[in-house]
12 protein chains.
Amino acid sequence: MSEHVYKHLELTGSSKTSTDDAIRRAIERASQTIRNIKWFCVQDVRGHVEDGQIAHWQVTIKVGFTLEE
Amino acid sequence: MSEHVYKHLELTGSSKTSTDDAIRRAIERASQTIRNIKWFCVQDVRGHVEDGQIAHWQVTIKVGFTLEE
Amino acid sequence: MSEHVYKHLELTGSSKTSTDDAIRRAIERASQTIRNIKWFCVQDVRGHVEDGQIAHWQVTIKVGFTLEE
Amino acid sequence: MSEHVYKHLELTGSSKTSTDDAIRRAIERASQTIRNIKWFCVQDVRGHVEDGQIAHWQVTIKVGFTLEE
Amino acid sequence: MSEHVYKHLELTGSSKTSTDDAIRRAIERASQTIRNIKWFCVQDVRGHVEDGQIAHWQVTIKVGFTLEE
Amino acid sequence: MSEHVYKHLELTGSSKTSTDDAIRRAIERASQTIRNIKWFCVQDVRGHVEDGQIAHWQVTIKVGFTLEE
Amino acid sequence: MSEHVYKHLELTGSSKTSTDDAIRRAIERASQTIRNIKWFCVQDVRGHVEDGQIAHWQVTIKVGFTLEE
Amino acid sequence: MSEHVYKHLELTGSSKTSTDDAIRRAIERASQTIRNIKWFCVQDVRGHVEDGQIAHWQVTIKVGFTLEE
Amino acid sequence: MSEHVYKHLELTGSSKTSTDDAIRRAIERASQTIRNIKWFCVQDVRGHVEDGQIAHWQVTIKVGFTLEE
Amino acid sequence: MSEHVYKHLELTGSSKTSTDDAIRRAIERASQTIRNIKWFCVQDVRGHVEDGQIAHWQVTIKVGFTLEE
Amino acid sequence: MSEHVYKHLELTGSSKTSTDDAIRRAIERASQTIRNIKWFCVQDVRGHVEDGQIAHWQVTIKVGFTLEE
Amino acid sequence: MSEHVYKHLELTGSSKTSTDDAIRRAIERASQTIRNIKWFCVQDVRGHVEDGQIAHWQVTIKVGFTLEE
C-alpha cells in the first residue's frame with residue numbers, strides 16, 4: 001500500500017433531507033466514474049433557504065482515490 | 001436578481017437531538033423577524049455534555065438575506 | 001464556577017451510521033476515564049469509502065473538562 | 001475620537017461590471033440606513049457564470065460604523 | 001436553557017489605558033441597547049500610535065445574546 | 001436543481017491589464033472544455049513585477065460546474 | 001537542551017479580574033501536576049457576561065513541557 | 001536563477017480610484033528604493049468611507065525581491 | 001508567458017524514506033499523464049506509524065500546469 | 001493622507017509584568033529608529049515559564065508606518 | 001477497525017540534523033509510553049540558530065493512537 | 001535575556017537538492033548582514049518543476065533576531 005499516489009477531487013453534494021445524505025450523494029455520484037475512492041473529508045456545510053425552511057443542504061467534500069499503476 | 005445587496009447575520013441554534021436540528025431551529029427562529037433568508041453556512045459545531053451524554057448540540061451559522069428595495 | 005481550570009483533549013470517534021453517532025461514541029468512550037466533561041467542539045469530519053459507499057464516519061472533536069481541586 | 005465603540009456588519013454587494021463596483025454598491029446601499037460608516041474590508045470575492053461569461057460579481061465586505069452617543 | 005437561539009454581533013471598543021478596558025467599554029456600550037449578552041470572544045487586538053506611544057487600544061470582539069421568546 | 005452534484009476545479013488566469021481581466025480569462029479558457037460552469041470564487045491574487053511595473057496579474061480561482069446526469 | 005522532546009497540553013484558565021490573571025491561574029494549576037513547563041501560547045480569549053458586566057475572563061492556552069528521560 | 005535568496009516586505013498602498021491602482025502605487029513607491037522586485041501577492045483589501053462613498057482604497061501586499069550577491 | 005491559464009491538481013505521494021522523496025514520487029507519477037507541470041506547493045505532511053516507527057511518509061501537494069492552447 | 005504608502009514590520013516585545021507592557025516596549029524600541037509609526041496589531045501572545053511562574057510575556061506585533069516622500 | 005476511538009497528542013521533537021529526524025525522535029520517544037500510535041501529522045517546523053548556523057531543528061507533530069478497549 | 005525586542009524578516013531560500021538545504025541557504029545568506037539571528041520558522045514549501053523533475057526547492061521562512069541595545 002505504501003507506494004501509492006492519491007489524487008484528490010473537490011465536490012459538492014446536495015440533498016433535501018440532511019448533511020449526511022448530501023455527502024453520500026456526492027460520493028455515490030463520483031463513484032460512477034472514479035474507481036478506488038478511499039476517503040473523504042468535509043470542507044464546507046451550507047444550504048439554501050426558501051420560505052423560512054431549509055430547501056437543500058449542500059456539503060462540499062474532498063475525496064481521495066488511488067491512481068492505478 | 002443581480003443587483004441585490006445581501007446582509008449576513010451570525011446565529012447559534014441549539015437542539016437536544018442533532019446538529020441538523022440545531023441548524024433548523026436557528027433558521028426558523030430567525031425567519032420570524034427576517035424575511036427573505038436565502039442561504040446559510042455552518043461556522044462551528046459544538047455542544048454541552050452532562051453525565052457523559054450530549055445534552056445540547058449547538059451550531060453557529062451565518063444566514064444571508066436580501067435587503068429589500 | 002468561575003475559578004475552574006479546564007483541560008482539553010482531542011479525540012476521533014468513528015461510526016458506521018452517521019457523523020452525530022461518531023461524536024457520541026467519542027464522548028461516551030472518553031467518559032469512561034474522564035469525569036466532568038463539560039463541552040465538545042468539532043474539529044474535522046471525514047470518513048473511509050469502500051466500494052463507493054461510506055464505510056465509517058470519523059469525527060475529530062475537542063472535549064473540555066474541569067480539573068478537580 | 002478615542003472613546004468610540006464601532007459596530008461591524010457583513011454585506012454582499014453584486015454588480016454586472018466589476019469587483020470594485022460590487023463593493024461600491026454594497027456601501028451605497030448600506031449608507032441609506034446606517035450613518036457614520038467609516039471603513040470596509042473585503043472578506044470574499046466570487047461570482048456567477050452563465051454561458052461561459054461572468055454574469056455577476058459578488059463581493060462580501062465587513063463595514064464598521066460608530067455607535068452614536 | 002437548551003432551546004435558546006443566540007445572535008452574535010461584532011464590535012470594536014477602544015481605550016486609552018489597556019486591552020481589557022477596551023473590551024469592557026465595548027460590552028458596556030452594547031449593553032445599553034442589548035439585553036441578555038451572555039459571552040464575548042476576542043477577534044483582533046490593535047491600536048493607534050502617536051509620537052512613539054500607544055494612543056488608543058482597539059479590541060474587536062464578538063458578543064452573543066439570547067433572542068427572547 | 002436540488003439534486004445536482006457539483007465538481008470544483010482550481011485555475012490561475014493571468015492578464016497584462018487587471019485582476020478582473022485575469023479572472024475573465026481563466027473562466028473563458030475553462031469554458032472551452034467544461035460546460036455548465038456556475039460560479040467562481042477567488043483564492044489568491046498575485047503578480048509578476050518587471051522594472052518596477054506590474055507585468056502580469058495572476059488570479060487563482062475555484063470554479064464549480066454541474067456533473068451532467 | 002537540543003535533544004529534548006516536548007509535550008503540549010491545552011488548558012483554559014478563568015479569572016474575575018483580567019486576561020493576564022486567567023493565564024497565570026491556568027499555569028499555576030497545571031504546575032501542581034506537571035513539572036518542567038517551559039512556555040505557553042494564547043489560543044483564545046473569551047468571557048462570560050452577566051448584567052452587562054464581565055463576570056469571568058477565560059483564556060485558552062497551550063503549554064509545553066519537557067518529557068523527562 | 002536557482003540559488004537566489006528572496007526577501008519579502010509587506011506594504012499598504014492607497015488610491016482614490018481602485019484596488020488595482022492601490023497595488024500599483026505600492027509597487028512603484030517600493031521600487032524607488034528596492035531594486036529587483038520580482039512578485040507581489042495581495043494580503044488584504046480594505047478602505048475608508050466618507051459620507052457614504054469610498055474615499056480611499058487600501059491594499060496590503062507582500063513583495064519579494066532578490067538579495068544581490 | 002503572460003497569457004497562460006494554469007490548472008491545479010492536488011495529490012498525495014508516499015514514501016518509506018523521507019518527506020522529500022514522497023514529494024518527488026507524486027510529481028513523477030503525475031508527469032506520466034500531465035505535461036507541462038511548472039510548480040508544486042506542499043499542503044500537508046503526515047505519515048503512518050507501525051510498531052513505533054514511521055512506516056510511510058505522506059505529503060499532499062498542489063501542482064500547477066499550463067493548459068495548452 | 002490618502003496617497004501614502006505604509007510599510008509593515010513584525011516585532012516581538014517582552015516584559016516581566018504583562019502583555020500590554022510587552023507591546024509598549026516593542027513600540028517604544030521601534031520608535032527609536034522608525035519615525036511615523038501609525039498603528040500596531042497583535043499577531044501572537046506567548047511567554048516563558050520558570051518554576052511554575054510566568055518569567056516573561058512575549059507579544060508579537062505588526063507595526064505600520066508611513067514611507068516619507 | 002471501524003469502532004475505535006483515537007486520542008491525539010501534540011509533541012515537539014528536536015534534532016541537530018534534519019526535519020525528518022526531529023519527527024522520528026518525537027515518535028520514538030512517545031512510543032516508549034504510548035502503544036498503538038497509528039499516524040502523525042506535522043503542525044509546525046522551526047529551529048534555533050546559533051552563529052549563523054541551524055543548531056536544532058524543531059518539529060511539532062500531532063500523533064493519533066487507539067484507546068484500547 | 002528577558003527585556004530584548006526581536007525583529008522578524010521573511011525570506012525564501014532555494015536549493016537544487018532538498019527542503020532542508022533551502023532553509024540552510026536562506027539562513028546563511030541572511031547571516032551575512034544580520035547578526036544575532038535566534039530562530040526560524042517555516043511558512044511555505046514549494047518548488048519549480050522542469051521536465052517532470054523538481055528543479056528547485058523553495059522554502060519561505062521567518063527569522064527572528066535581537067535588536068541590539
Side-chain angles (χ1 to χ4, degrees), chain A, chain C:
Chain A
M1 176 199 290
S2 61
E3 306 296 307
H4 277 309
V5 173
Y6 299 81
K7 188 176 164 186
H8 307 186
L9 283 186
E10 199 172 272
L11 299 164
T12 301
S14 60
S15 161
K16 290 180 176 166
T17 60
S18 73
T19 52
D20 286 0
D21 189 52
I23 296 170
R24 263 189 224 101
R25 285 171 178 275
I27 288 170
E28 287 170 10
R29 177 65 183 79
S31 297
Q32 292 174 15
T33 52
I34 302 167
R35 284 193 293 172
N36 296 321
I37 296 179
K38 296 297 187 194
W39 55 263
F40 71 92
C41 69
V42 173
Q43 305 287 101
D44 189 47
V45 178
R46 54 179 66 223
H48 291 290
V49 178
E50 291 173 9
D51 298 326
Q53 303 287 326
I54 297 171
H56 309 114
W57 303 79
Q58 289 191 307
V59 185
T60 298
I61 59 175
K62 273 191 192 167
V63 297
F65 54 97
T66 45
L67 291 177
E68 296 168 28
E69 302 306 303
Chain C
M1 177 197 290
S2 62
E3 306 297 306
H4 278 311
V5 173
Y6 300 81
K7 188 176 163 186
H8 306 186
L9 282 187
E10 199 172 272
L11 299 164
T12 300
S14 60
S15 161
K16 289 180 175 165
T17 60
S18 72
T19 52
D20 286 2
D21 189 51
I23 297 170
R24 263 188 223 101
R25 285 171 177 274
I27 288 169
E28 288 170 11
R29 178 64 183 78
S31 296
Q32 292 174 15
T33 51
I34 302 166
R35 284 194 292 173
N36 297 320
I37 296 179
K38 296 297 186 193
W39 54 264
F40 72 92
C41 69
V42 173
Q43 305 288 100
D44 188 48
V45 178
R46 55 179 66 223
H48 291 290
V49 178
E50 292 173 9
D51 299 325
Q53 303 288 325
I54 296 171
H56 310 115
W57 304 78
Q58 289 190 306
V59 185
T60 298
I61 59 174
K62 272 191 193 168
V63 298
F65 55 97
T66 45
L67 291 177
E68 295 168 28
E69 303 306 302

Chain A contacts, top residue of C/Asp44, C/Thr19, C/Asp20 (heavy-atom pairs, under 4.5 Å): C/Thr19

Interatomic distance, C/Gln53 atom CD to A/Ser31 atom OG [nearest 0.5 angstrom]: 7.5 Å

C/Asp51 CG to A/Asn36 CG distance, which is reported to the nearest 0.5 Å: 9.5 Å

Contact summary for C/Trp57 and A/Arg24, nearest pair of heavy atoms: CZ2-NH2, 3.9 Å

Contact summary for C/Gly52 and A/Glu28, nearest pair of heavy atoms: O-CG, 3.9 Å

Among the listed options A/Lys38, A/Gln43, A/Lys62, the residue most often paired with chain C at heavy-atom distances under 4.5 Å: A/Lys38

Largest heavy-atom contact set with chain C, pairs under 4.5 Å, which of A/Ile61, A/Val42, A/Val63, A/Val45: A/Val42

Contacting moiety of C/Thr60, where chain A heavy atoms sit under 4.5 Å: neither

Side chain to side chain contact (heavy atoms under 4.5 Å, CB included) between A/Phe40 and C/Ile54, worked out: CA-CA 9 Å; A/Phe40 71 92; C/Ile54 296 171; 4.0 Å; yes

